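Just below is one structure, and these are the notes that go with it.
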Amino acid sequence: MLTIKQITEDKEGIIRKLSRKLFDGREAIESVISLNDKRKTTQTKLDNNLAELNKISKSIGLLMKEGKKEEAEAARLKVSGMKEENKSLELTMKEAEEQIQAILYTIPNIPNDDVPDGKSAEDNIVEKTGGIKVELGDDALPHWELAKKYDLIDFDLGVKITGAGFPVYKGKGARLQRALIDFFLDEATKAGYTEIMPPTVVNAASGFGTGQLPDKEGQMYHCEVDDLYLIPTAEVPVTNIYRDVILDKKDLPIKNCAYTECFRREAGSYGKDVRGLNRLHEFSKVELVRIDTPDHSYESLKEMLDHVEGLVQKLELPYRILRLCGGDMSFTSSICFDFEVYSEAQKRWLEVSSVSNFESYQANRLHCRFRDENKKIQLCHTLNGSALALPRIVAALLENNQTPDGIRIPVALQPYTRFDMIK
RNA sequence: GGAGAGGUGGUAGAGUGGUCGAUUACAGCAGUCUUGAAAACUGCCGUACGGAAACGUACCGGGGGUUCGAAUCCCUCCCUCUCCGCCA
């Protein structure tokens with residue numbers, strides 16, 4: 001969330017920037033400022049009262065020690081009236097703080113200046129296009145047909161044992177999954193990321209830390225008996241490693257990567273876009289998470305983008321990079337780039353990665369800070385990006401590489417699959 | 001699931017009603033000494049909010065209570081550890 005400092009220091013600027021995210025923040029911002037003023041005056045008053053009270057209490061202690069009982073008794077009486085007032089001041093403080101907090105949760109992150117204006121996905125800017133699209137005949141099959149033909153993925157079996165959106169990978173299909181995970185982790189490790197294997201179930205505090213709660217409660221699977229959540233992305237556990245932590249500047253940037261299963265309820269999204277592997281309730285993903293200083297986080301972002309681009313290139317997939325416009329960006333990101341690969345048989349671009357810089361928005365919620373060279377404590381910047389999400393990569397690989405003789409495996413992946421064709 | 005122990009500053013570990021925001025040790029930082037390092041010695045060494053600052057206030061797992069005064073007493077919730085049972 002935004003800090004009160006950010007809001008009070010540049011009220012009009014924040015309101016204007018928020019409007020680029022299609023968020024009318026005037027009312028919220030005004031409320032935060034006035035509630036904060038109220039909080040401050042209340043605190044000053046309360047602090048003074050408490051200081052007075054503490055002083056008297058101390059003097060009572062001393063008087064008792066010296067055996068001056070009557071004087072102590074007199075001081076004691078003096079104090080009783082003040083306590084009522086403090087109670088109500090405390091209540092006012094607490095209410096104001098809670099209200100501020102509640103409002104701050106509803107205000108999205110402000111977009112970076114490099115984010116283009118726009119209302120929806122239509123307005124995203126194609127930053128770059130790469131790779132070579134293949135020409136397939138009219139008889140080209142979509143991946144769900146190919147999966148059946150070569151017995152790679154069984155969607156019906158998934159329905160039987162769990163439900164829709166939980167496919168069962170078999171034989172070379174399963175092997176392909178494992179190969180991709182291994183490939184992505186190896187590439188990340190080579191690029192200097194530390195591999196993490198976190199829990200895939202988290203507590204509510206972690207959900208709040210990265211911002212899934214309270215906004216997107218309905219998107220996560222919730223184990224109510226234990227009040228735990230299945231993670232929608234490794235971002236949640238991996239970023240929460242740094243919750244309530246003060247890092248040292250020399251330890252930054254922190255570069256972590258993690259493979260996990262990801263679980264998403266995807267409530268309310270049904271229809272043609274969800275066919276096959278396009279949208280699942282459980283899928284595999286390798287995620288990059290970075291914690292950095294404000295003055296270096298955009299270099300980190302650039303490195304992450306280059307890394308992800310390298311992956312789709314090695315997989316020989318036609319791709320494009322989108323610079324998301326203000327209206328299409330997520331609640332918490334400051335700037336975001338999507339990677340899409342072209343799925344030849346479906347004639348569609350499929351999103352396979354989303355790389356974002358959250359600047360200090362997430363760090364503020366997480367209380368993730370660092371000590372700079374002057375020993376001053378500042379908020380970190382957090383970044384993350386998929387590298388990569390498997391299902392749509394698999395969809396594109398299967399579709400784009402289909403031949404009359406079977407499905408070709410990209411060279412870079414062959415050491416991992418240990419087969420070069422799916423027949 | 002049953003029984004017990006415990007949650008204090010980066011770590012270890014004191015502290016059971018009155019200069020305790022907290023003894024001490026270690027780690028860390030700065031300095032003295034040294035050719036340099038180590039050792040030894042000296043000083044510094046939590047966070048948040050308010051304040052221009054001096055300084056004030058809050059925080060000893062969370063919340064509530066008793067009291068003029070709580071890390072210390074009471075209630076409640078949470079968490080961790082150990083043993084037993086069950087189990088990969």
Side-chain angles (χ1 to χ4, degrees), chain A residues 1-9 32-104 197 199-209 213-214 222-229 237 240-252 254 261 291 360 363-380:
Chain A
M1 58 196 169
L2 300 178
T3 63
I4 292 178
K5 196 161 170 247
Q6 277 175 300
I7 289 171
T8 50
E9 277 176 0
V32 168
I33 292 175
S34 74
L35 282 166
N36 189 48
D37 287 341
K38 181 174 164 193
R39 196 206 96 238
K40 283 205 282 194
T41 54
T42 310
Q43 187 184 337
T44 306
K45 204 162 172 199
L46 179 62
D47 281 0
N48 289 339
N49 282 359
L50 288 174
E52 177 75 17
L53 218 59
N54 286 342
K55 228 164 86 184
I56 295 172
S57 292
K58 263 181 195 161
S59 75
I60 290 175
L62 285 175
L63 290 168
M64 297 288 266
K65 225 178 234 170
E66 293 166 17
K68 297 178 182 169
K69 275 221 153 132
E70 298 78 29
E71 287 177 55
E73 203 56 42
R76 191 182 296 186
L77 285 172
K78 207 164 100 188
V79 152
S80 55
M82 295 172 71
K83 297 184 75 184
E84 280 305 304
E85 191 191 3
N86 288 350
K87 271 248 159 71
S88 89
L89 286 173
E90 259 171 41
L91 193 70
T92 309
M93 277 273 282
K94 204 173 151 188
E95 276 174 4
E97 271 165 4
E98 280 170 2
Q99 284 169 17
I100 290 170
Q101 197 68 18
I103 296 169
L104 287 178
M197 192 179 269
T200 39
V201 178
V202 296
N203 56 31
S206 293
F208 275 98
L213 297 175
H222 186 198
C223 311
E224 284 182 41
V225 217
D226 300 296
D227 196 24
L228 296 171
Y229 296 85
N240 271 283
I241 294 172
Y242 305 96
R243 167 153 52 86
D244 294 323
V245 161
I246 300 177
L247 297 155
D248 216 82
K249 184 167 184 178
K250 66 174 183 330
D251 299 328
L252 300 173
I254 284 166
E261 287 298 290
I291 316 283
S360 61
N364 187 34
R365 246 189 217 202
L366 282 169
H367 300 297
C368 174
R369 297 163 295 170
F370 74 100
R371 226 178 279 276
D372 66 20
E373 52 273 23
N374 303 316
K375 307 254 170 159
K376 251 190 75 185
I377 290 170
Q378 295 187 43
L379 286 171
C380 294

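Only this structure's heavy atoms are used, side chains among them; waters, hydrogens and symmetry mates stay out. These figures come from a predicted structure and were not determined experimentally. Residue numbers begin at 1 in each chain, while the letters A, B, ... track the order of the sequences.
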Provide the distance between the two [atom1] atoms, one in [N] and one in [M], to the nearest whole Å.
N      : M      : atom1 : result
U23(B) : G46(B) : P     : 11 Å
C59(B) : G7(B)  : C1'   : 16 Å
G18(B) : C73(B) : P     : 12 Å
A37(B) : C44(B) : C1'   : 23 Å
C78(B) : A27(B) : P     : 40 Å
G2(B)  : G13(B) : C1'   : 32 Å
U47(B) : C60(B) : C1'   : 13 Å
G61(B) : C79(B) : C1'   : 7 Å

Protein-nucleotide distance ([X], atom [atom1]; [N], atom [atom2]), rounded to Å:
X       : N      : atom1 : atom2 : value
Q43(A)  : G56(B) : CD    : P     : 15 Å
L35(A)  : C49(B) : CG    : P     : 17 Å
L77(A)  : C68(B) : CG    : C1'   : 10 Å
N48(A)  : C49(B) : CG    : P     : 19 Å
I56(A)  : G69(B) : CD1   : P     : 11 Å
D226(A) : C78(B) : CG    : P     : 12 Å
I4(A)   : A48(B) : CD1   : C1'   : 12 Å
K83(A)  : U66(B) : NZ    : P     : 7 Å

Check: Does a nitrogen or oxygen in the side chain of R39(A) sit under 4.0 Å from OP1 or OP2 of G50(B)?
Finding: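 True: R39(A) side-chain N/O within range (under 4.0 Å) of G50(B) OP1/OP2.
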
Which one, [options], comes nearest to the side chain of [X]?
X       : options                : answer
R371(A) : G56(B), C68(B), U47(B) : U47(B)
K94(A)  : G46(B), G56(B), G64(B) : G64(B)
N54(A)  : G69(B), U57(B), G64(B) : U57(B)

Next item on the list: Return the minimal non-hydrogen interatomic distance between M1(A) and N364(A), and the atom names on each side.
Entry: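 Nearest pair, atom of M1(A) first, then N364(A): O-ND2, 2.9 Å.
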
Next item on the list: Could you tell me which non-hydrogen atom of F370(A) sits nearest to which non-hydrogen atom of L379(A), and how far apart they are?
Entry: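 In this case the closest contact between F370(A) and L379(A) is CE2-O, 3.5 Å.
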
Determine yes or no for a side-chain-to-main-chain donor-acceptor pair under 3.5 angstrom, with [X] supplying the side chain and [Y] the backbone.
X       : Y       : answer
S360(A) : A363(A) : no
N240(A) : S206(A) : yes
D244(A) : H367(A) : no

G-U wobble or Watson-Crick pairing nucleotide for [N] (cut-off 3.5 Å, both distances):
N      : result
A30(B) : U42(B)
C60(B) : none
U35(B) : none
U19(B) : none
U80(B) : A5(B)
G51(B) : none

What does [X] touch in the nucleic acid at a heavy-atom separation under 4.0 angstrom: a base, only the sugar-phosphate, or nothing?
X      : value
K58(A) : nothing
K55(A) : nothing
A51(A) : sugar-phosphate

Notebook entry, point to check: Which sits closer to the 5' end of RNA chain B, E97(A) or R76(A), going by the nucleotide each is nearest to?
Noted result: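 Nearest nucleotide further toward 5': that of E97(A).
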
Item checked: L50(A) or I377(A), whichever maps to the more 5' nucleotide of RNA chain B ->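 Its nearest nucleotide lies further toward 5', so the answer is I377(A).
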
Note to self: Quick one, I246(A) and I377(A) - any side-chain contact, counting heavy atoms below 4.5 Å?
What the structure shows: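 SC-SC contact between I246(A) and I377(A) confirmed.
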
Check: So, D47(A) and T44(A): side-chain donor and acceptor under 3.5 Å apart, yes or no?
Finding: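 Absent: no donor and acceptor within the cut-off.
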
